[in-house]
Amino acid sequence: MNRLRTTWKAVLGRVTPRTVDAAECVVSVLLAILVAHAIGGDNVAWAAFAGYMVMRGRAAETAVRGLLRIVGTISGGALALLLAPLVATSWAGSALAVLTIGTLSIYRALTARRAYAWLYFGLTFAMVLLDKIDAPAIALGQFVETRILETVAGTLASMAVSIASALTLRRRWPAAPTPPSAVALWHPAALYHAGQAGVALALLAGLTHAFALPALAQSAVAVMSVMRVPVNDLGAGGLVPVSVRLAQRFLGCLVGAALSALCLLAAQGQAAILVAWTMLGVATGRMIENGTHSYRYVGTQFTLAVLVMLVPDSYADGDMMPGVRRLMAVLIGMAILEPVLLAAHRLAPRGAAPVAGGTRQEDPGGA
C-alpha cells in the first residue's frame, strides 16, 4: 500500500499545468466530435478544431473566447446571407465583397478589444461566400447553418470541459491568466497589413470562379489566420512575421499530414485507431504550442493537419478525401498569400517608423 501511495505521488509530481491543458484539449476535441456527429455537422473536423482553439486554462477565459467565436460566426454568416445572393455569381462582386469585409475583419482583429469576434466575423463571411461559389446548387442557408452548428458544438464542448476542470484539476494545477491586450484606435500599418489579406481573399474568390478547386474556404482560413500578428511587429511591414508564420504553418501541416497518412494506412478504416491517433496528435500539438520556444505555431498547425486528416465527417464510411482536399486548400491559401506579401513589401514606403498606439499579444493559434 505504501508503494502504491509513493508511486501515485510520483505520478502527480510529474503533472504540470501544461499537461493538464493538453488533457483538457484532448477531451474537448473528443466531445466536440461527438456533439458534431450528434447534430449532423457537415464538417466535423471544423467543430473539433473549434473545440481545440477555444480551450484556455481558465474557465472564464474559455467562456469569453467561445462566446466571441459564436458571435463572430453568427454575424459573419448573417452578412453572407444578405450579400452572397447579390455577388456570388460575379467574380468582380465576390472579389470586392471579400476584399472589403476581409480587410475590415483583419484590421479590427489586430486592433479591437473583441478581436476574436472580429476575426470570425470576416472568416465566416469568406468561408460561406466561397462555399456558395464552389457549390451554387446548395442553399445558402445550409452553408451558414453548418458553420454555426460546428462552431457551437466545439465551443460548448470547450466550455463544458473547462468548467469541469476548473472544479477539479485546476484547483491543484491552476493556469496563469492571459495578459490583457492593448487597443489601437487608429493604426495605418495595421490597415495596410489588413488590406493585403483582403487582396489575397479577392484572388481566392477569382480562383474559385475560374477553376473547379474544392474546399477553398479552408484557403481563406489559412490566409486570415496567419495574417493575425502582433501590431507592434508591423512597423517595418508584415512580410517577415507573416512569412515566419507561413513557414511554421507549412512545417506543422506537413509533419502532421505525413504522420496522419501513416496512421490511415495502418488503421484500414478502424475508427478506434483513428480516434487514438487523434488524441495523441492533439496532445502533442498542444504541448508544442505551449512551449517557451519560438516555433509554437508549428504545434497549432500540426494539430490542424491531424484533425483535418483523421476526423472524417462520418466514421461509418471512412472517407478521408474531404480531409485531404481541405488540407490542399490550406496550402493553396498559403501559396496565394506569399506573392501578395512580397508585392506589398516592395510597394510600401521605406523608412517608415513603427506607429505607436497599442500592442496586442499574439494568439499563436489564430483561427
Side-chain angles (χ1 to χ4, degrees), residues 25 28-55 65-66 68-77 80 116-117 119-132 134-135 138 141-159 204 214-226 249 252-253 256-257 260 274-275 278 281-282 285 300-315 319-333 365-367:
C25 286
S28 178
V29 165
L30 294 180
L31 184 58
I33 292 172
L34 182 64
V35 173
H37 279 293
I39 64 178
D42 292 333
N43 186 349
V44 178
W46 185 250
F49 199 55
Y52 178 84
M53 290 304 306
V54 171
M55 178 60 65
R65 189 174 174 86
L68 290 177
R69 189 172 182 128
I70 290 174
V71 168
T73 300
I74 292 175
S75 301
Y116 204 55
L119 176 66
Y120 276 87
F121 164 73
L123 198 152
T124 303
F125 176 84
M127 293 177 75
V128 171
L129 178 58
L130 291 175
D131 278 339
K132 182 60 178 176
D134 179 46
I138 299 179
Q142 184 175 339
F143 291 124
V144 176
E145 179 184 6
T146 190
R147 294 299 173 202
I148 294 174
L149 287 177
E150 291 149 5
T151 298
V152 170
T155 298
L156 292 182
S158 296
M159 289 181 177
L204 279 175
L216 284 191
Q218 295 299 319
S219 301
V221 176
V223 168
M224 298 187 72
S225 60
V226 298
R249 190 179 186 102
C253 286
S260 298
L274 297 178
V275 172
T278 299
V282 169
T300 311
Q301 303 314 310
F302 175 88
T303 306
L304 169 66
V306 169
L307 295 178
V308 165
M309 292 284 288
L310 298 184
V311 179
D313 296 330
S314 172
Y315 282 105
D319 183 11
M320 299 298 166
M321 285 310 297
V324 174
R325 288 194 291 268
R326 290 166 191 155
L327 189 61
M328 291 301 298
V330 170
L331 300 178
I332 291 173

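No hydrogens, no waters, no symmetry mates; every other heavy atom, side chains included, goes into these values.
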Nearest heavy atoms of [X] and [Y], plus distance in Å:
X	Y	value
Val54	Arg65	O-CD, 3.4 Å
Arg69	Trp46	NH2-CZ2, 4.0 Å
Leu130	Ala220	CD1-CB, 3.9 Å
Met224	Gly122	CE-C, 3.8 Å
Thr303	Gly285	OG1-CA, 3.3 Å
Val306	Ser260	CA-OG, 3.6 Å

Name the atoms and distances for all side-chain donor-acceptor pairs under 3.5 Å in residues 146-157, with sequence neighbours left out.
residue: Thr146; atom: OG1; partner: Asp42; partner atom: N; Å: 3.3
residue: Thr146; atom: OG1; partner: Glu150; partner atom: OE2; Å: 2.6
residue: Arg147; atom: NH2; partner: Asp131; partner atom: OD2; Å: 2.7
residue: Glu150; atom: OE2; partner: Asp42; partner atom: N; Å: 3.4
residue: Glu150; atom: OE2; partner: Asn43; partner atom: N; Å: 2.8
residue: Thr151; atom: OG1; partner: Arg147; partner atom: O; Å: 2.9
residue: Thr155; atom: OG1; partner: Thr151; partner atom: O; Å: 2.8

If you apply the rule side-chain contact (heavy atoms from CB on, under 4.5 Å), what do you find for Ile74 with Ile70, and how did you get there? CA-CA 6 Å; Ile74 292 175; Ile70 290 174; 3.7 Å; yes
Heavy-atom side-chain proximity of [X] to [Y] below 4.5 angstrom:
X	Y	result
Asp134	Leu216	no
Met53	Thr300	yes
Val221	Val330	no

Which residues satisfy the ring-ring contact (aromatic ring centres under 6.0 Å, His included) test with Phe121, sequence neighbours excluded?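 ring-ring contact (aromatic ring centres under 6.0 Å, His included) check on Phe121 returns Trp118.
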Determine the interplanar angle of the Tyr52 and Phe49 rings, folded into 0 to 90°, and report it as parallel if under 30°, tilted if 30 to 60°, perpendicular if over 60°.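 It falls in the parallel class, under 30°.
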Side chain to side chain donor-acceptor pair (under 3.5 Å) involving Ser158 - partner list, sequence neighbours excluded: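 If we apply the side chain to side chain donor-acceptor pair (under 3.5 Å) test to Ser158, skipping adjacent residues, the hits are Ser28.
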Residue from Val29, Val35, Ile33 passing side-chain contact (heavy atoms from CB on, under 4.5 Å) with Leu31: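 The single option meeting the side-chain contact (heavy atoms from CB on, under 4.5 Å) with Leu31 is Val35.
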Measuring from atom CG of Leu119 to atom OG1 of Thr73, what distance do you get when rounded to the nearest 0.5 angstrom?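 Interatomic distance, Leu119 CG to Thr73 OG1, rounded to 0.5 Å: 9.5 Å.
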